[in-house]
Each structure stands twice: as structure tokens, then as C-alpha cells.
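Written out below as C-alpha cells is the structure these notes cover.
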Amino acid sequence: MPLPPLKRVLLKLSGEVLMGDQQFGIDPGFVAALAAEVKAAKDTGLEICLVIGGGNIFRGMAGAAKGMDRAQADYMGMLATVMNALAMQNALEQLGVQTRVQSAIEMDKVCEPVIRRRAERHLEKGRVVIFAAGVGAPYFTTDSGAALRAAEMKCDALLKGTSVDGVYDSDPKQNPEAKRFDRVSYDRVLADNLKVMDASAVALCRDNKIPIVVFSIREKGNLARVLAGEGVQTIVQDS
Ligand code: UDP
């Protein structure tokens, strides 16, 4: 099944792509390059919602593994996503792209709260809306946040820009024989526990018929190629 025509998309970027070649944190040069890709996509007339992870700064699971209370660590992870959102907002605005950050954890000195109707209005006015703090609750990830915002903003697709170029039948870093899917069903992803997004995010996309497009955002120009239906990617949708 081909992708529907894309008018509005949700672009999810893993936090790790913001660190560029560093081991940690935010590389402003790399964020600027990502922002240029987002601007190019927006200039084609697309409405863009953005969700950025926080794994380049803090992951709740990592804190919990070292003895922290899981919920406390997850709240720290959510705050990390707000920092990334502000970094991306800055980079986009330096390119002249109007943006608004809406956070699921209210922080009125730095950004707006998540208000769907207001987000809708921003998109109509040509602004990029960056949704921060995931779903605003621990025990979730920003992938679930991305799926939730994609559903409530009625996005035509969820584009997951990450460090790998699609979904494989096994981990390509461990298994040189791993095969990449061009297309795969939601049910196969869930049944085989394929590494795309966490199960709750995949299920939410399945139930709301939102195709997930997984591609590498590390390659320059790849977002534009994927939007044009070209380039290396995996599409997750009903078979
Ligand atoms: N997080 C959370 N609830 C959410 C979204 C995020 O608790 O709705 C926390 C969680 O600890 C997670 C961290 O924020 O590990 C950073 O997000 P994520 O791991 O999804 O970032 P990514 O892997 O995309 O960089």
C-alpha cells in the first residue's frame, strides 16, 4: 500500500542525533544541519510537528539501572527533551522558521503547555510545533509521545529519523546478515519485537492507521528524499 499524500507529518528525532559525533549532549552545528533539513521539508509546503527524544542527555532506564527511582529518573529524561526542543527551536528560528514549543510538563517561562487547538492554529500559520516532554508521564518514551501527538494532530505519517536506515529482522550491529525490510506490518513488528519504537507507540499508530517511516536522519538530504518517496527507509503499515 503506498503512503497517503503527505500534508502534515510528525517528525520524531532521537536525542542521539543531536549529539552529532560527540558521546553526549548537544552539538549546535549538528542541530543547525538538522534544522536546515526541517526547513527544506517545510518549504515544500508540509505542515510539520516535531518530537525530539532526550537520550543524548538522560534516559530514565539508565538512571534506574544505576539505582535511581524509575519515575524520578523518567522525569529527568522528560526535562532533557525540553532542552533538546529549545535547542532545535533556536536553530530553526536562526533560519527564519517560526516555531512554538509545547511541553507536556508545564513550564510557562520557557514554552507553551500542550494545547491541541493552539497547536492546530500554529500549523495553519506555517509554524513548526515542537512537542516536548513526551506524554508527560513516566514509564513512557518519546516514541509514545510522538505517536500520541501524531494521532491527536491527525498527521498523515510519523517519520522516525534515527541513526539506522530502517527496520531490520535482527540487530545489524550484531548480525552482518541482518535484512532490512522495505515494508513491514505493525503486527509483525509487535509479534517479532522488531526494534522500531516501543510497543505502546507502535500499537497506537496501528490503531489510528498512522504509517511509520523509519529512516536515517544522519545522511544529509535524506529527509527530503524520504518525503519524495525515495531513499532508503522502512514503512510500517497494515499489510
Ligand atoms: N520520558 C518519559 N515519558 C515520556 C517521554 C520520555 O518518562 O513520555 C523519559 C524517559 O526516561 C526516556 C527519556 O525521557 O528515557 C528520554 O526520552 P527517550 O528515551 O524516548 O529519547 P530518545 O531515545 O528518543 O532519544
Side-chain angles (χ1 to χ4, degrees), residues 8-20 24-43 46-60 74-138 140-155 157-162 197 201 204 217 223:
R8 176 179 295 179
V9 295
L10 187 137
L11 175 62
K12 156 79 207 298
L13 302 177
S14 338
E16 62 180 27
V17 301
L18 270 62
M19 64 190 183
F24 172 81
I26 299 171
D27 177 341
F30 213 82
V31 180
L34 286 171
E37 300 239 355
V38 173
K39 178 181 188 314
K42 206 192 132 329
D43 288 347
L46 263 186
E47 291 179 346
I48 300 184
C49 303
L50 261 179
V51 167
I52 308 178
N56 55 321
I57 299 172
F58 197 82
R59 272 211 176 87
D74 277 342
Y75 279 109
M76 291 172 65
M78 286 181 257
L79 297 183
T81 73
V82 179
M83 297 219 289
N84 284 338
L86 295 181
M88 180 55 79
Q89 175 172 48
N90 177 73
L92 283 167
E93 299 214 326
Q94 283 179 345
L95 297 175
V97 180
Q98 287 222 5
T99 64
R100 293 291 186 272
V101 175
Q102 293 200 344
S103 171
I105 295 177
E106 289 189 26
M107 237 178 271
D108 63 5
K109 294 285 187 290
V110 289
C111 56
E112 298 178 357
V114 176
I115 299 175
R116 188 182 63 81
R117 284 169 176 278
R118 191 185 265 189
E120 196 57 63
R121 188 81 184 113
H122 292 322
L123 292 173
E124 277 168 21
K125 287 189 167 173
R127 297 173 183 144
V128 170
V129 182
I130 308 174
F131 292 103
V135 303
F140 284 95
T141 65
T142 49
D143 284 341
S144 294
L148 171 65
R149 302 301 168 215
E152 69 175 336
M153 299 310 295
K154 300 190 174 52
C155 292
L158 192 166
L159 312 179
K160 174 157 168 149
T162 180
M197 304 199 299
L204 198 55
I217 190 82
L223 175 59

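Just so you know, these numbers come straight off a predicted model, no measurement behind them. Every heavy atom of this structure was used, including side-chain atoms; hydrogens, water molecules and symmetry mates were not.
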- Message: Are the side chains of Ile105 and Tyr75 in contact, using a 4.5 Å heavy-atom criterion?
- Response: yes
- Message: Do Val101 and Met88 make a side-chain contact, defined as non-hydrogen atoms from C-beta onward lying under 4.5 Å apart?
- Response: no
- Task: Report the distance from atom CG of Asn90 to atom CG of Leu95, rounding to the nearest 0.5 Å.
- Result: 9.5 Å
- Do you know the tightest heavy-atom contact between Ala35 and Ala91? CB-CB, 3.7 Å
- Task: State, with a plain yes or no, whether a side-chain heavy atom of Val31 is found less than 4.5 Å away from one of Ile26.
- Result: yes
- Please answer whether the main-chain N or O of Phe24 pairs with a side-chain N or O of Asn56 as donor and acceptor at a distance below 3.5 Å. no
- Message: So which atom in Val128 and which in Lys42 form the shortest heavy-atom distance, rounded to 0.1 Å?
- Response: CG2-CD, 3.5 Å
- Result for salt bridge (Lys or Arg N to Asp or Glu O under 4.0 Å) between Glu47 and one of Arg8, Lys125, Lys154 points to Arg8
- Message: For a quick test of reading the model, state the closest non-hydrogen atom pair linking Phe30 to Val17 and the distance between them.
- Response: CD2-O, 2.9 Å
- Output for pair (Leu158 CG, Asp143 CG), nearest 0.5 Å, gives 8.0 Å
- Message: Please give me the minimum heavy-atom distance between Ser14 and Thr162, naming the atom from each residue.
- Response: OG-OG1, 3.3 Å
- Query: Do the charged groups of Glu120 and Arg117 touch, with an N to O distance under 4.0 Å?
  - Reply: no
- Item | Over 12 foreign heavy atoms within 6.0 Å of CD, Glu106 | no
- Qualifying residue for side chain to side chain contact (heavy atoms under 4.5 Å, CB included) with Leu50, from Leu13, Leu159, Leu10: Leu13
- Where do Ser103 and Cys111 come nearest, in terms of heavy atoms and distance? CB-SG, 3.5 Å
- Query: Is a side-chain N or O of Asn84 found less than 3.5 angstrom from the main chain of Gly53, in a donor-acceptor match?
  - Reply: yes
- Under 3.5 Å donor-acceptor, Lys12 side chain and Gly145 backbone: no
- Going from CD1 on Ile48 to CG on Leu223, what distance comes out if it is rounded to the nearest 0.5 angstrom? 7.0 Å
- Message: Are the side chains of Met197 and Thr141 in contact, using a 4.5 Å heavy-atom criterion?
- Response: no
- Message: Does anything in residues 29-38 form a side chain to side chain donor-acceptor pair (under 3.5 Å)? List the pairs, not counting sequence neighbours.
- Response: none
- Message: Would you say that Arg149 contacts Cys49 through its side chain, given a criterion of any heavy-atom pair below 4.5 Å between the two side chains?
- Response: no
- Task: State, yes or no, whether a side-chain contact exists between Arg118 and Gln102 at a heavy-atom distance under 4.5 Å.
- Result: yes
- Taking the side chain as every heavy atom from C-beta outward, state whether Leu204 and Ser144 have any pair of such atoms under 4.5 Å apart. no
- Item | Among Leu92, Leu86, Val38, side chain to side chain contact (heavy atoms under 4.5 Å, CB included) partner for Ile130 | Leu92
- Note on the structure: Heavy-atom nearest pair, Arg116 first then Glu152, reads CD-O, 3.4 Å
- Item | Candidates Ile52, Val114, Thr142 - the one meeting side chain to side chain contact (heavy atoms under 4.5 Å, CB included) with Phe131 | Val114
- Query: Is the shortest heavy-atom distance from the side chain of Pro138 to the side chain of Met78 under 4.5 Å?
  - Reply: yes
